[in-house]
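Below: one structure, written as structure tokens.
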2 protein chains.
Amino acid sequence: MTKGHVRLADLAKAAGVSQGTASNVFSRPELVREEVRERVLEVARELGYNGPDMKGRLLRAGRVNALGVAAIEPLAYFFEDPWARAVMTNIAGVCDATGTGIALVSAQNQQKLAWNINSALVDGFILLCVEGGEKLVELTRRRQLPFIALAFDDGDASIPTIGIDNTAGAAAAARHLVELGHRQFAILAIGHSDDHVGAVTPEQAIRSLKSTSRDRALGYWQALSEFGIERENVPVHGTRNDKSSVDAALETLFATPEPPTAILAMSDRIALFAMQWLAENGFAVPGDVSVVGFDGVPEAATAQPGLTTIAQPLEEIARRAVRAILDDALPCAQETLGVTLVIRGSTARPRS
Amino acid sequence: MTKGHVRLADLAKAAGVSQGTASNVFSRPELVREEVRERVLEVARELGYNGPDMKGRLLRAGRVNALGVAAIEPLAYFFEDPWARAVMTNIAGVCDATGTGIALVSAQNQQKLAWNINSALVDGFILLCVEGGEKLVELTRRRQLPFIALAFDDGDASIPTIGIDNTAGAAAAARHLVELGHRQFAILAIGHSDDHVGAVTPEQAIRSLKSTSRDRALGYWQALSEFGIERENVPVHGTRNDKSSVDAALETLFATPEPPTAILAMSDRIALFAMQWLAENGFAVPGDVSVVGFDGVPEAATAQPGLTTIAQPLEEIARRAVRAILDDALPCAQETLGVTLVIRGSTARPRS
DNA sequence: ATGAAGATTTGAACCGATTCAAAATCTATC
DNA sequence: GATAGATTTTGAATCGGTTCAAATCTTCAT
């Protein structure tokens, strides 16, 4: 029954028209006389031909109408990591509107990632650079397709990037707490280049933090110093953005004679882990301790209590990124967008 | 700087070999003498040629090494819906292992979906049929690529499907509660063909529920009747799988003289909304009311308290589905997998 | 030196469409 | 009825590779 394979040429012959006309019936129907068009479609139906095959079309046309989103992580990252999910959700929204497809590109080891990036059938890439951004950019660059990096952690201004104002965001977070009356702070950091865990001095932090995290640290310090709180008096603990390292940091912090009344977390993930630890250890949030996160992931809104955080303009980021790829209108310079402080239930005045 | 475009033919000429040899250098290097291979690669580097372009390769070779996952929903569905996310996470895991890419295919209106399905560059499809399964299958069928339907709601045995034993799962959930001593039940349903919201009689439920939901209802009733509780005494409320319709159902239920002490929810999503409503309205879970969900999404494990639920073997489902597509070894018959009762903190004996 | 077997390389066909200049056909105008 | 102009249709080139039978080159025993 199945005729092996019906291709456009077969259809054309069967319908008694040239291949060119047959092609137009599908791709530019307005060019072909209605009568002919209907006949060809009729024959197509009989033959079980369902429109031109993408592989051929694409070869000729050059565009796939899909964009790739890449990260150096297992594929499941896109569905499990809160930030990645939030970004993807917004990208998905923009793609829906423009009818663009999404291909997920990733791998743990570089060998495979290189292959995957090279073989992905897409018109361009959005790079999630939270981990291994440099490698990712390097591999993608080779492909010679438009790409844009998100959360990229490197000064190289030749790389098209959409970022956020980390310093201003962090400053806003710290200012919010200090204005509520807090004076005892602690910072939970991520992004030590050596995955350092535990207390660090400000100098160590400046030296070993990746630029995103360093900017956030600088923002915290800056706002606090405006109120006379010097960085030397604000303990900083490195974490690996996972529960166990956050737990360890908090155990140390709350074993000191003057534990913090306010916690500045460099990610919502960390902040949520912190709130969990506090709840488990009998500290009320925000009664005993206030917590501020960073990123503005959806989970922050649904937590109990809601997490006060610095929200990234993800929708705007997604819109610009997708547009940049599809229109091949990459920003000549790196773009930096503003962030907003979202106040929820996890922050309040300190117990007097 | 950019030489317009370097293609395999250019490289071949520049390196002084035939195009066939140049091709082999990349696709089947073992066929070409090392000396030649290195020279060609060297020239490739000079010319900035980064391996064969996928579009051409694919046209000839026929395989894309990617699979499409499709649903009649906006693209964001894959990242937001708990069940979809759980399924995707598992599919991603399998794909990671086999080096397969994932393309997301979806659209709200059928017109666009048809186009997207036809133009997706994939070797086959996994269909998430929670909504509009029939249409999805019909459109995919036309594409004449291997596909397999998940959560498909139709008897048509000619369609390759991996499903679960809904009746047995529901029965296990009900049995668990009844064995704890509960006697006052309520069922929160989804999947009314007309999106009905509010109380329904068993007859109405049987008539208007889609098959997945009907099977679950039958399972509940069957287990309860073994303990002498007749279906007429178990109120059933339709919901739209969203918070507002769940809230409405619970308000009605708990306004009755004999409110339920145990809730059977047809999805974890509903169950979690229910727990939220109960908390907001001063009912302790499981102290005052026990709740059982269905599906076994990750959120069920992290909720406070943990949600007792019927877990689908998602890993197994994902593994079989991906294998089926990649090996083009579709199950000749529809497969049905077993489910397991996972007991967590949301169920306990009723207050005596 | 000769010839068979094995290793490399070549060349041309092919994958399945789109595209566009040129040819063919139809319409309108005088 | 002839002709310019508009509308359709055709045919061949092209996109960027892969593949495979045939041609060429090596190697080595005879």
Side-chain angles (χ1 to χ4, degrees), chain A residues 3-41 43-44 47-65 115 118-123 143-145, chain B residues 3-41 43-44 47-65 115 118-123 143-145:
Chain A
K3 277 192 175 285
H5 221 61
V6 190
R7 32 182 193 292
L8 190 60
D10 303 328
L11 169 61
K13 193 155 3 125
V17 298
S18 77
Q19 180 166 335
T21 300
S23 173
N24 284 335
V25 167
F26 294 97
S27 328
R28 306 154 66 173
E30 72 281 5
L31 285 187
V32 33
R33 196 154 38 103
E34 172 158 354
E35 192 185 318
V36 176
R37 195 192 325 151
E38 301 224 313
R39 182 156 45 83
V40 173
L41 287 174
V43 176
L47 260 50
Y49 182 81
N50 280 297
D53 182 288
M54 260 346 249
K55 300 195 279 247
R57 156 186 295 240
L58 146 65
L59 172 58
R60 191 68 235 253
R63 275 185 72 91
V64 193
N65 223 45
W115 171 260
N118 271 333
S119 61
L121 288 159
V122 296
D123 298 320
R143 179 77 192 272
Q144 302 189 178
L145 282 179
Chain B
K3 275 190 175 286
H5 221 62
V6 191
R7 33 179 191 289
L8 190 61
D10 303 329
L11 168 61
K13 193 152 9 120
V17 298
S18 77
Q19 179 166 334
T21 300
S23 173
N24 284 336
V25 167
F26 294 96
S27 328
R28 306 155 66 172
E30 73 281 5
L31 286 186
V32 33
R33 195 154 38 104
E34 171 158 355
E35 189 185 320
V36 175
R37 197 191 325 151
E38 300 224 315
R39 183 156 45 82
V40 173
L41 287 174
V43 175
L47 260 49
Y49 182 82
N50 280 296
D53 183 289
M54 267 339 257
K55 301 194 280 240
R57 154 187 297 239
L58 143 69
L59 174 58
R60 192 71 238 251
R63 270 186 77 90
V64 192
N65 222 44
W115 172 260
N118 271 332
S119 62
L121 288 158
V122 297
D123 298 320
R143 179 75 193 272
Q144 303 191 172
L145 282 179

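In what follows, every chain begins at residue 1, and chains take the letters A, B, ... in the order their sequences are listed.
- With D:dT9, C:dT18, D:dG16 as the candidates, the nucleotide lying closest to the side chain of A:Val32 is D:dT9.
- For the OP1/OP2 pair of C:dT18 and a distance below 4.0 Å, the side-chain nitrogens and oxygens of A:Ser23 include at least one atom meeting the criterion.
- A straight line from CZ of B:Phe26 to P of D:dG17 spans 9 Å, rounded to a whole angstrom.
- For B:Val17, the listed nucleotide lying nearest its side chain is C:dT10; candidates were D:dT9, D:dC15, C:dT10.
- At least one side-chain heavy atom of B:Arg143 sits under 4.5 Å from a side-chain heavy atom of B:Asn118.
- For the residue pair A:Trp115 and B:Arg57, the shortest heavy atom distance occurs at CH2-NH1, 3.7 Å.
- For the pair B:Lys55 NZ and D:dC15 P, the interatomic distance rounds to 13 Å; values are reported in whole Å.
- In this model, the phosphate group of C:dG16 is not approached by any side-chain N or O of A:Tyr49 to a distance below 4.0 Å at OP1 or OP2.
- Nearest-nucleotide positions on DNA chain D place A:Leu31 closer to the 5' end than the other of A:Gly20 and A:Leu31.
- Atoms CZ and OG, from A:Arg60 and A:Ser23 in turn, are 10.0 Å apart once rounded to the nearest 0.5 Å.
- Interface remark: the B:Gln19 side chain does form a donor-acceptor pair with the D:dG17 base, using a distance-only criterion of under 3.5 Å.
- Computed from coordinates, the B:Leu8 CG to C:dC14 P distance equals 19 Å when rounded to whole Å.
- A:Thr21 has no side-chain polar atom (N or O) that falls below the 4.0 Å cut-off from OP1 or OP2 of D:dT9.
- Side chain of A:Ser18, nearest nucleotide from D:dG11, D:dG16, C:dT9: D:dG11.
- Shortest non-hydrogen contact noted between A:Val64 and A:Asp123 is N-OD1, 2.7 Å.
- Side-chain N/O atoms of A:Arg37 include none lying less than 4.0 angstrom from OP1 or OP2 on D:dT8.
- Here the options are A:Arg37, A:Arg39, A:Arg33, the test is side chain to side chain donor-acceptor pair (under 3.5 Å), and the partner is A:Glu35; only A:Arg33 passes.
- Distance CG (B:Leu11) to P (D:dG16): 14 Å, rounded to an integer number of Å.
- Atom CZ in A:Arg7 sits about 10 Å away from atom P in C:dC14, given to the nearest Å.
- Counting to the nearest Å, the P atom of C:dA17 and the CZ atom of A:Arg28 are 16 Å from each other.
- Take the nearest nucleotide of DNA chain C for B:Arg33 and for B:Arg60: the residue whose nucleotide is more 5' is B:Arg33.
- Within 4.0 Å of A:Ser27, counting heavy atoms only, lie sugar-phosphate atoms of the nucleic acid but no base atom.
- When rounded to the nearest whole Å, the span between CG of B:Leu59 and P of C:dT18 equals 12 Å.
- Across the protein-nucleic acid pair, B:Lys13 atom NZ and D:dG16 atom P stand 13 Å apart, rounded to whole Å.
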